[in-house]
Amino acid sequence: MQTIALLPGDGIGPEIIDEAVKVLRAIEAKYDLKFQFKESLVGGASVDIYGTPLTEDTLALCKDCDAILFGAVGGPKWDGLPKELRPEQAILGLRKSLGLYANLRSVILFNALSAASPIKKEIIGEELDIMIVRELTGGLYFGKPKGIERTHDKTRAFDTMEYTDEEIKRVARIAFEAAQRRQKRLTSVDKANVLETSRLWRTIVTDMAADYPDVKLCHMYVDNCSMQLVLNPGQFDVILTENTFGDILSDEASVLTGSIGMLPSASVGDGKPYLYEPIHGSAPDIAGSGKANPIACILSAAMMLEYSFGAKDAASAIRNAVEKALNEGYRTFDIQVGAKKVISTSEMGDIIVKNL
Ligand code: NAD
């Protein structure tokens with residue numbers, strides 16, 4: 001029995017989590033897997049009831065589970081709150097408390113959606129499958145000192161970019177192992193021509209390559225990588241990069257797939273539980289309308305089956321069921337290119353279950 005913490009959150013979060021649970025229940029019926037779901041409030045929904053986006057009880061529940069499936073948090077209702085009470089603090093708090101230092105973002109363009117990509121078909125090709133491994137808890141966003149100083153004649157703001165060898169090694173290990181499970185090609189992205197942190201990054205990743213002789217490692221400067229993602233995205237298998245570069249590159253890569261509603265992610269650390277979530281936000285503009293695309297959340301559940309429970313077959317079955325639904329012409333409102341039938345959030349969940 002695997003225990004799964006469900007944190008639906010705000011906006012479309014509860015709607016898409018419902019569909020992922022529907023799919024996981026169908027998986028239980030077909031595979032030798034058993035799930036126990038434990039649900040808790042998080043984000044704005046938690047602020048409304050408990051006055052904080054992440055309670056100690058919710059954190060304890062998560063620590064007690066084998067994996068976490070997270071919907072999305074935030075919305076205009078809570079935008080005016082002080083920083084520490086904002087719904088987004090829940091996700092930062094979970095990453096920090098659970099030591100989730102690597103984010104794996106799976107960028108998959110399904111053939112049926114290739115016309116929805118903003119990149120020309122002759123460049124994007126029929127399909128795309130890139131895994132971006134982004135360092136999540138270090139670098140510029142967390143380095144100290146950071147601040148803003150004002151004197152009578154000027155204002156100075158500063159951030160610190162820092163990485164230790166251990167921080168680099170642990171995320172690089174995740175990326176090498178991901179490459180071993182895939183096409184065995186790893187592109188480590190840095191700015192080693194300018195930054196000291198990048199020079200250390202490149203040295204360590206190069207040294208580690210000896211432990212993974214089956215993986216072909218290459219290095220690329222971040223500015224070139226951002227260009228290559230739109231010029232020739234098919235060249236990439238796994239991309240490894242630090243926090244800030246990863247933030248920017250993974251958003252750039254996500255639009256290649258046609259809709260933000262398609263992309264799953266996993267945040268992992270040294271021990272369980274890992275956290276799985278769609279990359280999109282709570283989409284308050286469409287919440288409650290049945291227009292949300294549940295596929296990113298359903299594919300996040302597939303990542304959970306593979307990474308946390310080692311159930312690769314069940315994960316592939318979900319991906320195939322999603323692909324079949326798209327090939328049959330079923331679309332939610334965000335991906336209408338090539339649609340035979342535009343359907344609601346729950347109808348998409350039903351079709352994917354039927355295809356399993
Ligand atoms: P968003 O991702 O919520 O929405 C951007 C656009 O994409 C909107 O037009 C939305 O309707 C659409 N969209 C997003 N997901 C979709 C889906 N599954 N199906 C169909 N359409 C979808 O980003 P935003 O509007 O900048 O932010 C809204 C709220 O979400 C904010 O409060 C923000 O802070 C929060 N947010 C949360 C997370 C998270 O929980 N991890 C991530 C990003 C943003």
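Heavy atoms only: backbone and side chains are in, while hydrogens, waters and symmetry mates are out. Note that the structure is a prediction, hence the values are computed from the model and not measured. Positions are given from 1 along the sequence.
- In this structure, a donor-acceptor pair under 3.5 Å is present between the side chains of Tyr141 and Asp247.
- Residue Val255 is not grouped with residue Ile335 when hydrophobic side chains (ILVMFWY) are merged at heavy-atom distances under 4.5 angstrom, including chains of intermediate members.
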CA sep, side-chain torsions, deciding dist, call: Gln2, Gln36, side chain to side chain donor-acceptor pair (under 3.5 Å): CA-CA 6 Å; Gln2 311 283 0; Gln36 185 187 12; over 6 Å; no
Determine, stepwise, if the pair Ser267 / Tyr276 fulfils side chain to side chain donor-acceptor pair (under 3.5 Å). CA-CA 6 Å; Ser267 295; Tyr276 300 86; over 6 Å; no
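- Judged purely by distance below 3.5 Å, without hydrogens or angles, the side chains of Thr55 and Thr58 pair a donor atom with an acceptor atom.
- When side chains are defined from C-beta on, Met161 does not count as touching Asp159, because their heavy atoms never get closer than 4.5 Å.
- Using a 4.5 Å heavy-atom cutoff, the side chains of Asp190 and Leu195 are not in contact.
- Salt bridge Glu177/Arg181: absent, no basic N to carboxylate O contact under 4.0 Å.
- Rounding to the nearest 0.5 Å gives a distance of 7.0 Å between CZ of Arg134 and CZ of Arg105.
- Remark: the backbone N or O of Gly290 is paired with a side-chain donor or acceptor of Thr345 at under 3.5 angstrom.
- In this structure, Val230 and Ile119 approach most closely via the heavy-atom pair CG1-CD1, 3.7 Å.
- Taken to the nearest 0.5 Å, the CG atom of Leu69 stands 12.0 Å off from the CE atom of Met303.
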Pair Glu328, Lys340 - check salt bridge (Lys or Arg N to Asp or Glu O under 4.0 Å), show working. CA-CA 8 Å; Glu328 288 166 343; Lys340 286 210 185 94; over 6 Å; no
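- The line from CG of Leu136 to CG of Asn103 is 5.0 Å long, rounded to the nearest 0.5 Å.
- Closest non-hydrogen pair, Asp350 versus Glu19, comes out as N-OE1, 4.3 Å.
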Where do Ile12 and Ile286 land on the side-chain contact (heavy atoms from CB on, under 4.5 Å) test, with the steps shown first? CA-CA 7 Å; Ile12 62 170; Ile286 55 167; 4.0 Å; yes
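- The same ILVMFWY cluster, assembled from side-chain heavy atoms under 4.5 Å apart, contains both Val194 and Leu140.
- The closest side-chain heavy-atom distance from Leu249 to Ser226 is below 4.5 Å.
- Within the 3.5 Å criterion, the main-chain N or O of Thr244 finds a donor-acceptor partner in the side chain of Glu242.
- Residues Pro233 and Ile124 meet the side-chain proximity criterion, which asks for heavy atoms closer than 4.5 Å.
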Val189 vs Tyr221, side-chain contact (heavy atoms from CB on, under 4.5 Å): CA-CA, chis, key distance, verdict: CA-CA 6 Å; Val189 174; Tyr221 294 138; over 6 Å; no
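- Residues Ser117 and Thr257 have side chains not in contact (no heavy-atom distance under 4.5 Å, counting atoms from C-beta outward).
- Side chains of Tyr163 and Ser198: a donor-acceptor N/O pair is absent below 3.5 angstrom, by distance only.
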Could you walk me through whether Asp10 and Trp78 pass the side chain to side chain donor-acceptor pair (under 3.5 Å) check? CA-CA 11 Å; Asp10 309 316; Trp78 304 282; over 6 Å; no
Should Asp57 and Tyr50 be marked as a side-chain contact (heavy atoms from CB on, under 4.5 Å) after you check the CA-CA gap, both sets of side-chain angles, and the distance that decides it? CA-CA 11 Å; Asp57 284 351; Tyr50 303 114; over 6 Å; no
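- Note that CG of Leu299 is 12.5 Å distant from CE of Met304, once rounded to the nearest 0.5 Å.
- Heavy-atom minimum distance, Thr332 versus Pro294: CG2-CD, 4.0 Å.
- Residues passing the ring pair (Phe, Tyr, Trp, His ring centres under 6.0 Å) test with Phe70, sequence neighbours excluded: none.
- Here the shortest heavy-atom pairing between Pro273 and Cys62 reads CG-O, 3.3 Å.
- A 6.0 Å sphere centred on CD of Glu166 holds more than 12 heavy atoms belonging to other residues, nucleotides or ligands.
- Checking Thr151 against Asp153 by side-chain atom types alone, a donor-acceptor pair falls below 3.5 Å.
- Not a single ring pair (Phe, Tyr, Trp, His ring centres under 6.0 Å) links Tyr274 to another residue, sequence neighbours left out.
- Ile17 and Ile351 end up in the same hydrophobic cluster when Ile, Leu, Val, Met, Phe, Trp and Tyr side chains are linked at under 4.5 Å.
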Result block: side-chain N/O donor-acceptor pairs under 3.5 angstrom for residues 94-101, not counting sequence neighbours:
{"from": "Ser97", "atom 1": "OG", "to": "Gly93", "atom 2": "O", "distance (Å)": "2.8"}
{"from": "Tyr101", "atom 1": "OH", "to": "Asp270", "atom 2": "OD1", "distance (Å)": "2.6"}

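- For Asp211, the CG atom counts as densely surrounded, since its 6.0 Å shell holds more than 12 non-hydrogen atoms of other residues, nucleotides or ligands.
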Using the rule given for side-chain contact (heavy atoms from CB on, under 4.5 Å), can you reason through Ile295 versus Met348, listing the C-alpha separation, both sets of side-chain angles and the distance that settles it, and then say yes or no? CA-CA 8 Å; Ile295 291 178; Met348 182 57 95; 4.0 Å; yes
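- Note that CG of Leu41 and CG of Leu54 are 11.0 Å apart. Values are rounded to the nearest 0.5 Å.
- Contact record, Arg319 with Phe110: O-CE2, 4.3 Å, taken as the closest heavy-atom pair.
- Using the six-membered ring where Trp is involved, Phe176 and Tyr212 have ring planes that are parallel, under 30° apart on the 30 and 60° scheme.
- In the model, Thr206 has a side-chain atom that pairs as donor or acceptor with a side-chain atom of His219 under 3.5 Å.
- Both tests do not hold together for Arg331 against Phe333: distance to the six-membered ring centre under 6.0 Å, angle to the ring axis within 45°.
- Ile352 and Met262 fall within the same hydrophobic cluster, defined by Ile, Leu, Val, Met, Phe, Trp and Tyr side-chain heavy atoms under 4.5 Å apart, directly or through other members.
- Note that OG of Ser259 and CG of Leu109 are 11.5 Å apart. Values are rounded to the nearest 0.5 Å.
- With hydrogens and angles ignored, the 3.5 Å screen pairs a side-chain donor or acceptor of Glu135 with a backbone N or O of Gly138.
- Using a 4.5 Å heavy-atom cutoff, the side chains of Glu39 and Pro8 are in contact.
- Residues Trp201 and Leu240 have side chains in contact (heavy-atom distance under 4.5 Å, counting atoms from C-beta outward).
- With respect to the salt-bridge test (charged N to carboxylate O, under 4.0 angstrom), the residues Lys291 and Asp334 do not qualify.
- Residue Lys22 comes nearest to Ser346 through the heavy atom pair NZ-O, 3.2 Å, listed as atom of the first residue, atom of the second, then distance.
- Put simply, the side chain of Ile168 reaches to within 4.5 Å of the side chain of Leu200, judged on heavy atoms.
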Run the salt bridge (Lys or Arg N to Asp or Glu O under 4.0 Å) test on Asp237 and Lys216 for me, step by step, so that the C-alpha distance in whole Å, both residues' side-chain angles and the decisive distance to 0.1 Å come before the verdict. CA-CA 10 Å; Asp237 178 23; Lys216 189 169 179 313; over 6 Å; no
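- Defined by atom type and a distance below 3.5 Å, a donor-acceptor pair is present between the side-chain atoms of Gln235 and Gln228.
- Crowding of Ile148 atom CD1: a count of heavy atoms from other residues, nucleotides or ligands under 6.0 Å exceeding 12.
- Leu24 and Leu61 are members of different hydrophobic clusters when ILVMFWY side chains are connected at heavy-atom separations under 4.5 Å.
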